[in-house]
Amino acid sequence: MCSRYTLTSPPEAVRTLFGYANDAGFPPRYNIAPSQPVAIVRHGLRGQRELALVRWGLIPPWVKDPMNFAMLINARAETADVKPSFRSALRHRRCLVPADGFYEWTGRAGAKQPHLIKPKNGGLIALAGLWEHWLGADGSELETMAILTTTANAEMAAIHERMPVILTPDQFDEWLDCRSGRSQEAKKLLSPLPDRSLEITPVSKDLNNPRNDFPEVQRNMPDTLL
DNA sequence: CCAGACGTTGTT
DNA sequence: GTCTGG
DNA sequence: CCAGACGTTGTT
DNA sequence: GTCTGG
């Protein structure tokens, strides 16, 4: 699963890697949690890449009352093409989620140990996402997104069965281009990141509280066992 | 056909 | 114990 | 995911 | 809106 992540790279670095046309500032985030507004990159009306802020937690368009619907923060890559909640978004509304790393937990309730997972040499990564547009009967609108998950690669398997799909820059165009209206080619991009490319470090339990959004939550806890 | 669900994860 | 909010 | 709340009524 | 279960 992927249910918390971080994006601390400066906006100009994000824009350079993701190549969107519009410009937007955003503060460094050390502890991004579901239900919060997050930055995504998608194709705009003229096919140009754009940065948008949407809510993390996908609400399918047929939902009557979003307040009584458990938002979908992840979508299984293996089945997203057949699930009513994701099928249309996988065809028409794919996006990238800029991140510097993501978090997973080990341990039992009451002793939850968070771990930061990021590229061995640092830097930005792109999580594969789906976004959705919800229209209320009263005219209210809501844009939301979910992060795709796949099976864990070798490093991740040590702590967790699943991991978010991470795309490389050479895959960005094919993933973002939804003009064909088909999902099968895009689905083929959804594999685990190759082994030996990520590093996992235990971090401060301060991370557990989503209200703690400051650099110290990423403090390395070297003595902590996996 | 209509009614009712539509999701993931981890844990039990 | 279970749901909601972040 | 984890943390934190978990309720109703009437009044401002 | 679309799929599944009855």
Side-chain angles (χ1 to χ4, degrees), chain A residues 1-7 26-39 53-93 97 99 101-118 127-137 141-142 144-152 156-165 181-183 190 192 200-214 216-218 221 224 226:
Chain A
M1 193 171 182
C2 176
S3 48
R4 219 74 81 73
Y5 70 96
T6 172
L7 176 61
F26 41 84
R29 295 293 312 278
Y30 302 88
N31 196 358
I32 301 172
S35 80
Q36 295 177 351
V38 297
L53 291 177
V54 307
R55 184 181 144 110
W56 184 10
L58 187 143
I59 305 290
W62 40 260
V63 165
K64 299 281 188 299
D65 177 13
M67 293 304 292
N68 289 321
F69 185 86
M71 60 188 180
L72 304 164
I73 67 176
N74 292 137
R76 289 180 69 93
E78 299 91 327
T79 54
D81 57 335
V82 295
K83 295 289 183 182
S85 293
F86 302 126
R87 194 167 87 124
S88 172
L90 186 65
R91 286 174 171 172
H92 304 292
R93 286 172 298 282
V97 184
F102 59 94
Y103 301 103
E104 291 291 355
W105 278 260
T106 57
R108 299 195 152 263
K112 287 290 185 179
Q113 175 59 53
H115 303 266
L116 170 63
I117 300 98
K118 61 184 179 61
L127 308 181
L130 304 174
W131 66 276
E132 200 39 276
H133 188 205
W134 182 87
L135 263 179
E141 295 184 62
L142 194 55
T144 58
M145 74 88 176
I147 294 172
L148 286 152
T149 64
T150 184
T151 52
M156 280 301 296
I159 60 169
H160 211 74
E161 291 181 357
R162 310 276 308 166
M163 67 184 293
V165 176
R182 289 189 305 259
S183 57
L190 303 177
I200 305 175
T201 53
V203 294
S204 167
K205 285 192 173 67
D206 287 346
L207 181 85
N208 292 1
N209 191 333
R211 294 208 269 238
N212 293 337
D213 189 15
F214 41 76
E216 291 75 20
V217 297
Q218 295 183 352
M221 301 279 107
T224 309
L226 276 186

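So that the names make sense, note that chain A is the first sequence line, chain B the second, and so on, each numbered from 1. Atoms considered below: every heavy atom in the structure, side chains included; atoms not considered: hydrogens, waters and symmetry mates.
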Runs of at least three Watson-Crick or G-U pairs with DNA chain C, cut-off 3.5 Å: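 Stems (3+ consecutive pairs) listed as C:1-6 with D:1-6.
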
All side-chain contact (heavy atoms from CB on, under 4.5 Å) counterparts of A:Asn68, not counting sequence neighbours: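 In terms of side-chain contact (heavy atoms from CB on, under 4.5 Å), with neighbours along the sequence ignored, A:Asn68 is linked to A:Asp65.
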
For A:Pro28, side-chain contact (heavy atoms from CB on, under 4.5 Å) partners two or more places apart: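 Testing A:Pro28 for side-chain contact (heavy atoms from CB on, under 4.5 Å), a comparison that skips the adjacent residues, returns A:Thr8, A:Tyr30.
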
With [atom1] as the reference atom in both, quote the distance from [N] to [M] in angstrom, rounded to an integer.
N: D:dG10; M: B:dC1; atom1: P; result: 49 Å
N: D:dC6; M: B:dG7; atom1: P; result: 30 Å
N: D:dA3; M: B:dT11; atom1: P; result: 14 Å
N: E:dC3; M: B:dT8; atom1: P; result: 16 Å

Qualifying ring pair (Phe, Tyr, Trp, His ring centres under 6.0 Å) pairs, either residue in residues 57-78 of chain A, two or more places apart: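 Of all non-adjacent pairs touching residues 57-78 of chain A, those that pass ring pair (Phe, Tyr, Trp, His ring centres under 6.0 Å) are A:Trp62-A:Phe69.
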
Test side-chain hydrogen bond (donor to acceptor under 3.5 Å, both in side chains) applied to A:Thr150 - qualifying residues, sequence neighbours left out: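 Once residues adjacent in sequence are excluded, A:Thr150 has no partner under the side-chain hydrogen bond (donor to acceptor under 3.5 Å, both in side chains) criterion.
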
Non-neighbouring partners of A:Arg55 that pass side-chain hydrogen bond (donor to acceptor under 3.5 Å, both in side chains), sequence neighbours left out: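 Result, side-chain hydrogen bond (donor to acceptor under 3.5 Å, both in side chains) vs A:Arg55: none returned.
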
By ring pair (Phe, Tyr, Trp, His ring centres under 6.0 Å) - contacts of A:Tyr5 (at least two apart):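 Testing A:Tyr5 for ring pair (Phe, Tyr, Trp, His ring centres under 6.0 Å), a comparison that skips the adjacent residues, returns A:Trp56.
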
Touch check for [X], heavy atoms < 4.0 angstrom, all strands: base, sugar-phosphate only, or nothing?
X: A:Thr149; result: sugar-phosphate
X: A:Pro84; result: base
X: A:Tyr103; result: nothing
X: A:Trp105; result: sugar-phosphate

Segment of DNA chain D, first to last nucleotide, that comes within the 4.0 Å heavy-atom reach of chain A: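 Nucleotide range with atoms under 4.0 Å of chain A: D:dC1 to D:dG4.
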
Where at least one partner belongs to residues 68-79 of chain A, residue pairs that pass salt bridge (Lys or Arg N to Asp or Glu O under 4.0 Å), sequence neighbours excluded: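 As it turns out, the salt bridge (Lys or Arg N to Asp or Glu O under 4.0 Å) pairs with a partner in residues 68-79 of chain A, which skip direct neighbours, are A:Arg76-A:Glu78, A:Glu78-A:Arg162.
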
Under 3.5 Å between N/O atoms: give me all the protein pairs with nucleotides 2-6 of chain C, atom names plus distance.
{"unit_1": "C:dG6", "atom_1": "N7", "unit_2": "A:Pro34", "atom_2": "O", "d": "3.1"}
{"unit_1": "C:dG6", "atom_1": "N7", "unit_2": "A:Ser35", "atom_2": "OG", "d": "2.7"}
{"unit_1": "C:dG6", "atom_1": "N2", "unit_2": "A:Arg4", "atom_2": "NH2", "d": "3.4"}

Pairing residues for A:Arg93 by the salt bridge (charged side-chain N to carboxylate O under 4.0 Å, His left out) criterion, not counting sequence neighbours: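 In terms of salt bridge (charged side-chain N to carboxylate O under 4.0 Å, His left out), with neighbours along the sequence ignored, A:Arg93 is linked to A:Glu132.
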
Residues that A:Lys205 engages under salt bridge (charged side-chain N to carboxylate O under 4.0 Å, His left out), provided they are two or more places apart: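 With sequence neighbours excluded, A:Lys205 shows a salt bridge (charged side-chain N to carboxylate O under 4.0 Å, His left out) to no residue whatsoever.
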
Expected output: side-chain A:Trp131 to main-chain A:Val54 donor-acceptor under 3.5 Å: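 Not a single qualifying donor-acceptor pair exists.
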
Exercise: identify the closest heavy-atom pair between A:Pro114 and A:Asn208: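 That would be CG-OD1, 3.4 Å.
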
